[in-house]
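Working notes, structure below.
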Amino acid sequence: LTFLPVMVARGRGRVLLVGALSVLAPEAGSAVYNASKAYVLSLGEALAKELRGTGVTLTTLCPGPTRSGFCAAAGHRGEDSSGRPCLNMMPSATVARQGYSAMKRGQRIVVPGWGNRIRALILRYSS
């Protein structure tokens with residue numbers, strides 16, 4: 001975000017923030033993670049609105065479970081924070097490509113994968 005003033009001054013630019021689909025369904029054991037990702041989503045939405053008309057766009061990528069080193073680094077050994085197996089994970093390269101494509105189009109929020117989009121709709125309207 002340090003470069004936003006420079007981008008606005010030149011009248012063009014793209015920013016990609018990484019949130020998470022889990023902000024729509026917080027679970028025990030991941031309160032800090034989900035809160036930090038909720039902040040990223042809120043910040044992204046607010047800044048995207050503030051940047052309207054400047055030639056600069058901001059996209060927030062909100063992936064669901066992604067095949068990466070995250071589960072292992074978090075000590076979950078292939079399980080999410082609730083102990084359920086991490087199934088149906090999207091490859092990280094696919095998530096990155098979809099996020100990059102959405103950023104290039106100037107899309108405000110992107111949830112990669114049809115299954116994740118359906119889950120997002122269900123979670124958003126069932127709460």
Side-chain angles (χ1 to χ4, degrees):
L1 299 179
T2 301
F3 298 103
L4 273 181
V6 174
M7 291 179 187
V8 170
R10 83 175 167 197
R12 64 184 169 86
R14 302 278 183 263
V15 177
L16 180 65
L17 299 180
V18 180
L21 183 60
S22 62
V23 302
L24 299 174
E27 295 179 343
S30 53
V32 173
Y33 175 79
N34 286 329
S36 67
K37 292 302 183 175
Y39 170 78
V40 170
L41 178 59
S42 180
L43 176 68
E45 288 189 281
L47 285 175
K49 289 176 183 176
E50 290 179 20
L51 291 167
R52 280 189 192 143
T54 66
V56 179
T57 63
L58 191 144
T59 300
T60 303
L61 172 63
C62 294
T66 302
R67 197 173 310 124
S68 67
F70 181 83
C71 279
H76 298 305
R77 295 195 280 302
E79 300 170 342
D80 67 15
S81 59
S82 299
R84 294 185 302 256
C86 291
L87 302 173
N88 301 322
M89 293 194 283
M90 291 184 70
S92 55
T94 302
V95 171
R97 269 193 300 278
Q98 289 187 25
Y100 182 77
S101 294
M103 179 190 70
K104 294 297 281 182
R105 290 190 308 273
Q107 190 175 330
R108 236 176 55 207
I109 298 172
V110 60
V111 176
W114 284 105
N116 289 327
R117 287 186 209 116
I118 291 168
R119 183 174 178 219
L121 285 171
I122 291 168
L123 291 171
R124 181 167 274 175
Y125 294 107
S126 66
S127 306

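Residues forming a salt bridge (Lys or Arg N to Asp or Glu O under 4.0 Å) with R10 (at least two apart in sequence, or on another chain): none. Contacts of N116 classified as side chain to side chain donor-acceptor pair (under 3.5 Å), with partners at least two apart in sequence or in another chain: none. When the salt bridge (Lys or Arg N to Asp or Glu O under 4.0 Å) test is applied to E50, no partner is found at least two apart in sequence or on another chain. The side chain to side chain donor-acceptor pair (under 3.5 Å) test applied to R117 returns no partner, not counting sequence neighbours.
Residues G13 and M7 come closest through the heavy atom pair CA-SD, 3.9 Å. Taking both residues in full, the closest heavy atoms of T59 and V110 are given as CG2-CG1, 4.1 Å, listed atom of the first, atom of the second, then distance. Between V56 and V8 the shortest heavy-atom distance is CG2-N, 3.7 Å. Shortest non-hydrogen contact noted between G64 and T66 is O-OG1, 2.9 Å. Closest approach of P112 and V95 over heavy atoms only: CG-CG1, 4.0 Å.
Sorted by first and then second residue, the pairs that involve residues 100-113 and meet side-chain hydrogen bond (donor to acceptor under 3.5 Å, both in side chains), not counting sequence neighbours, are R105-Q107. The stretch residues 10-45 participates, sequence neighbours left out, in these ring pair (Phe, Tyr, Trp, His ring centres under 6.0 Å) pairs: Y33-F70.
Using a distance-only test at 3.5 Å, with no hydrogens or angles considered, no donor-acceptor pair links the side chain of T57 to the main chain of G55.
L21 CG to K37 NZ: the interatomic distance, rounded to the nearest 0.5 Å, is 12.5 Å.
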